[in-house]
Student: 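Provided herewith is a single structure, encoded as structure tokens, for subsequent inquiry.
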Amino acid sequence: MEEYLAELNESQREAVVYCEGPQLVVAGAGSGKTRVLTYKIAWLLKQGLRPSSILALTFTNKAAREMKERIAAIVGESTARWLWMGTFHSIFSRILRREAAAIGFPSNFTIYDAADSKNLIRTIIKEMQLDDKTYRPGMVQSRISNAKNALITWRAYEQNKELIESDIRCKVPELREIYKRYQNRCLQAGAMDFDDLLLQTNILFRDHPEILARYQDAFRYVLVDEYQDTNFAQHLIVKRLCEKQPHLCVVGDDAQSIYSFRGANIDNILQFRNAYPGCKLFKLERNYRSTQNIVNAANSLIDKNREQIPKHVYSEKEEGNKIRLLATYSDYEEAYTVAARIQEMKFAERDKYQDYAILYRTNAQSRLLEEALRKRNIPYRIYGGLSFYQRKEVKDVISYFRLVVNPHDEEAFKRVINYPARGIGDTTVQKLATAASTYNISLWQVLQAPLEYGVNINKGTAGKLAAFREMLAAFIEKLATLPADELALFIARESGLVNMLSQDRSTEGISKLENLQELLKGIVEFCEIRKEEGNTHVSLADFLAEVSLLTDQDDETDERRDKVTLMTVHAAKGLEFPNVFIVGMEEDLFPSAMSKENPRAVEEERRLFYVALTRAERNCLVSYARSRYKNGQTTMCVPSRFLRDIDSRFLEAVSTDRPASRVSDKPTVSEATHQIAASPRRLTRIEPTTHTAAQTDYSNLQIDMRVWHERFGEGVIRAFEGEGNNRKAVVDFDKCGQKQLLLKFARLKVIE
DNA sequence: GGCCGGGGCATTTTT
DNA sequence: TGCCCCGGCC
């Protein structure tokens, strides 16, 4: 251990070995915060603490996994594996499952992700016959989420005069009723959303002191990473756990608090010393990541914020290049310039594409950048698409799993009852839903005996429902005996999902099938690992309990070859790159237009820019455009106020690299737009129209001709019906039988 | 059941 | 502009 301590600087070492009481470690950007946490845990183990008595909370699964690996490298895997290390959500969902009975939930409760909960909210708004323009599901969802993060239950909400009045003022008086119904429906379905995991933990600890005491005794030392991004619910959980013993270490950087829109409360870190009297403050101020110019520029920026813990971050690396400022005429030129710069710099610096990142405020900005990179054949990889687990085909099959583990799961039920199509339409589902709400039971319970619950359906439908019910019952029966991987495969096949996906021969169809296979492969691995750990039976419920919380870019499977990284600044937090481009530094974009009235929000935007700057190790280029295409129109832009916040000593303007004689040749807006329109991306989009145009002349099609259809594949024309615009062909497809197709849409191609 | 077009809309998103 | 949701249509 001593040799490890020797790897730390003095302030890091002090933070590691201090164990007397509550401790706040303010860790500047790039100051080796993870290293401190890692060594501190190793140190605690060395002091004789049992691994199972250490609770370490992180914000991402990735962070937890990486830290665990690093600790395992020091103290050995056999010790490290007993640590309670994970995200707030995963640790407390584990505890909630164990203690579920105390709060009236089943221990196999489902976790609703954001999409599930939004769907449920949408359903409730409809059921209440409210206008979904006034009650926008997204807005309702975030109001409910905020309430939960503030530990306001629906009961408390109802009784809170301020909230009720504010809802009336905002013309959404029914919010409390939506919240109430939403919560009851979750309970009915045996489901918790992400916020519930924290809210219910608090309720559990509040109402069951004996349970709380057990965990207080169990966790002798609590550590929290990224403390600046905790919300009130998380703060209170930690506070409760540490009531009896003072061994708490929180690490964070108030200057990097950028998630208030998700409920994070910067006051948790700012006021930590008030909440924990006797707390000792440690500051990690030496930045090991960036050159002096970058650190100094970032300091001069963040200095303009009022609310912060005083600190002086410094670098002892070389002075390095100044932050370079690129002013461009248009967003198009900005993208073009950045792409050109990357190519030049890569050549000059002799580094790789993967050493470059382009950071932006909003995802919408990526499009032009992608185009510009593509034109120059610069490989790139873009973060921020749908995560693997959010893809439809993956969610669909997982919904089957969910339903098998917890048949009352309403959202999963609705997703799969007619998927693959089995002739149970919306009307039938509506009838089931009405019965469910009349009798206050789950859809699954209605499905057991639809007629008895007064569901008015014909014999055919009743048969289809029974078939679905029996299929599910057969799955459920196997839950206790079959291991997760086998049951998963069984379900994927028997549900008809595999068949349906294999019939779709389009590119997307193939990739969907691949994703499904990827998931199944993942379950096999999951089982193997669990078995190696000594679990005899690994059930689908075990898999589900973990996978529901794995929404992040967790699958490193996609080759991270040599590519430029494109992502939002938010997504870049915690990462570092030798060369960073920050684009779109304009008023109303960065800082965003939505934050400009609120000084606290502007401070958060400034912190966001601080995060962006401090991602850079050697070179940081910042750009803005004078005009930008936004929401359907070109607008003139003003350079961001944040650019003026950076001390000019650390900044240098750069010409956009066009020879003076060509300045007048800069593309006009219309030229620029024209060029965009001529890009490959656009062409693909235009394609369908071209097809349709060609297709208006389908007179060449004749009976018995062999034709090809994009989705259905090859087939033979059997007949024609109708005239003119409504002319249809009856085609007998090899793969999926006879279909009637409107010729104007079908885009049939004749096969020679 | 799926596909089109119209209308409204438009940050950031570790779980 | 582009995306998402809904209603209308075969």
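In this text, all values refer to a predicted model and were calculated from it rather than measured experimentally.
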Student: If you take the centroid of each ring, where Trp contributes its six-membered ring, are A/Phe88 and A/Phe59 closer together than 6.0 Å?
Tutor: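 Between A/Phe59 and A/Phe88, the centre distance is under 6.0 Å.
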
Student: Can you check B/dT11 for me, syn or anti if syn means within 90° of 0?
Tutor: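 Syn conformation here, the glycosidic angle of B/dT11 being no more than 90° from 0.
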
Student: Taking only the side-chain heavy atoms of A/Phe59 (C-beta and beyond), determine which of C/dG2, B/dT15, B/dT14 contains the nearest atom.
Tutor: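 That would be B/dT14.
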
Student: To the nearest angstrom, how far is A/Phe194 atom CZ from B/dT13 atom P?
Tutor: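 Going from A/Phe194 (CZ) to B/dT13 (P), I get 15 Å.
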
Student: Determine the interatomic distance between P on C/dC5 and the same-named atom on B/dT12; round to the nearest Å.
Tutor: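 The answer is 16 Å between these two P atoms.
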
Student: With 3.5 Å as the limit, what N/O pairs link the protein to nucleotides 8-12 of chain B?
Tutor:
residue	atom	partner	partner atom	Å
B/dT12	OP1	A/Asn363	N	3.0
B/dT12	OP1	A/Asn363	ND2	3.4
B/dT12	O4'	A/Arg361	NH2	3.0
B/dT12	N1	A/Arg361	NH2	3.4
B/dT12	O2	A/Arg361	NH2	2.4

Student: What is the separation between atom NZ on A/Lys148 and atom C1' on B/dT15, rounded to the nearest whole Å?
Tutor: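 After rounding, the gap between these two atoms is 14 Å.
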
Student: How many whole angstroms separate atom NE2 of A/His89 from atom C1' of B/dT14?
Tutor: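 Result: 9 Å.
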
Student: What integer number of Å spans the P atoms of B/dT13 and C/dC4?
Tutor: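 Per the computed distance, 15 Å lies between those P atoms.
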
Student: Rounded off to whole Å, could you give me the CG-to-P distance for the A/Leu57 and B/dT14 pair?
Tutor: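 Distance, rounded to whole Å: 19 Å.
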
Student: State yes or no: are the ring centers of A/Tyr259 and A/His570 separated by less than 6.0 Å?
Tutor: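 Yes, the ring of A/Tyr259 comes within the 6.0 Å limit of the ring of A/His570, centre to centre.
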
Student: Starting at atom CG of A/Asn149, determine the distance to atom C1' of B/dT15, rounded to an integer number of angstrom.
Tutor: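 So the two atoms are 11 Å apart, to the nearest Å.
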
Student: Verify the distance criterion only: is there a donor paired with an acceptor across the side chains of A/Asn146 and A/Arg143 at less than 3.5 Å?
Tutor: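 Their side chains do not contain a donor-acceptor pair, so the 3.5 Å distance test is not met.
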
Student: Can you tell me if the side-chain N/O atoms of A/Asn418 get under 4.0 Å from OP1 or OP2 in B/dG1?
Tutor: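 Result: yes.
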
Student: May I ask you to say whether A/Arg367 pairs ionically with A/Asp331, meaning some side-chain N is under 4.0 Å from a carboxylate O?
Tutor: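 Salt bridge: no.
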
Student: Rounding to an integer number of Å, can you tell me how far A/Tyr389 OH sits from B/dT14 C1'?
Tutor: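 Result: 16 Å.
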
Student: Atom CZ of A/Arg367 to atom P of C/dG2: distance rounded to whole Å?
Tutor: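 It is 6 Å, rounded to the nearest whole Å.
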
Student: Would you classify A/Asp229 as touching base, sugar-phosphate or nothing, given that sugar-phosphate means primed atoms plus P, OP1 and OP2, and contacts are heavy atoms under 4.0 Å?
Tutor: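 Since a base atom lies under 4.0 Å of A/Asp229, the category is base.
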
Student: Ignoring hydrogens and angles, state whether a donor on the side chain of A/Ser257 or A/Glu604 is under 3.5 Å from an acceptor on the partner side chain.
Tutor: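 Side-chain D/A pair, A/Ser257 to A/Glu604: absent.
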
Student: So do the side chains of A/Leu566 and A/Arg381 get within less than 4.5 Å of each other, counting heavy atoms only?
Tutor: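 Result no, sub-4.5 Å side-chain heavy-atom pair not found.
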
Student: When the distance from CG of A/Asp331 to P of C/dG2 is rounded to whole Å, what number comes out?
Tutor: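 Atom CG in A/Asp331 sits about 13 Å away from atom P in C/dG2.
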
Student: Decide whether A/Glu586 and A/Ser640 meet the rule of one side-chain donor and one side-chain acceptor closer than 3.5 Å.
Tutor: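 There is no such pair (donor and acceptor under 3.5 Å, judged by atom type) between the side chains of A/Glu586 and A/Ser640.
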
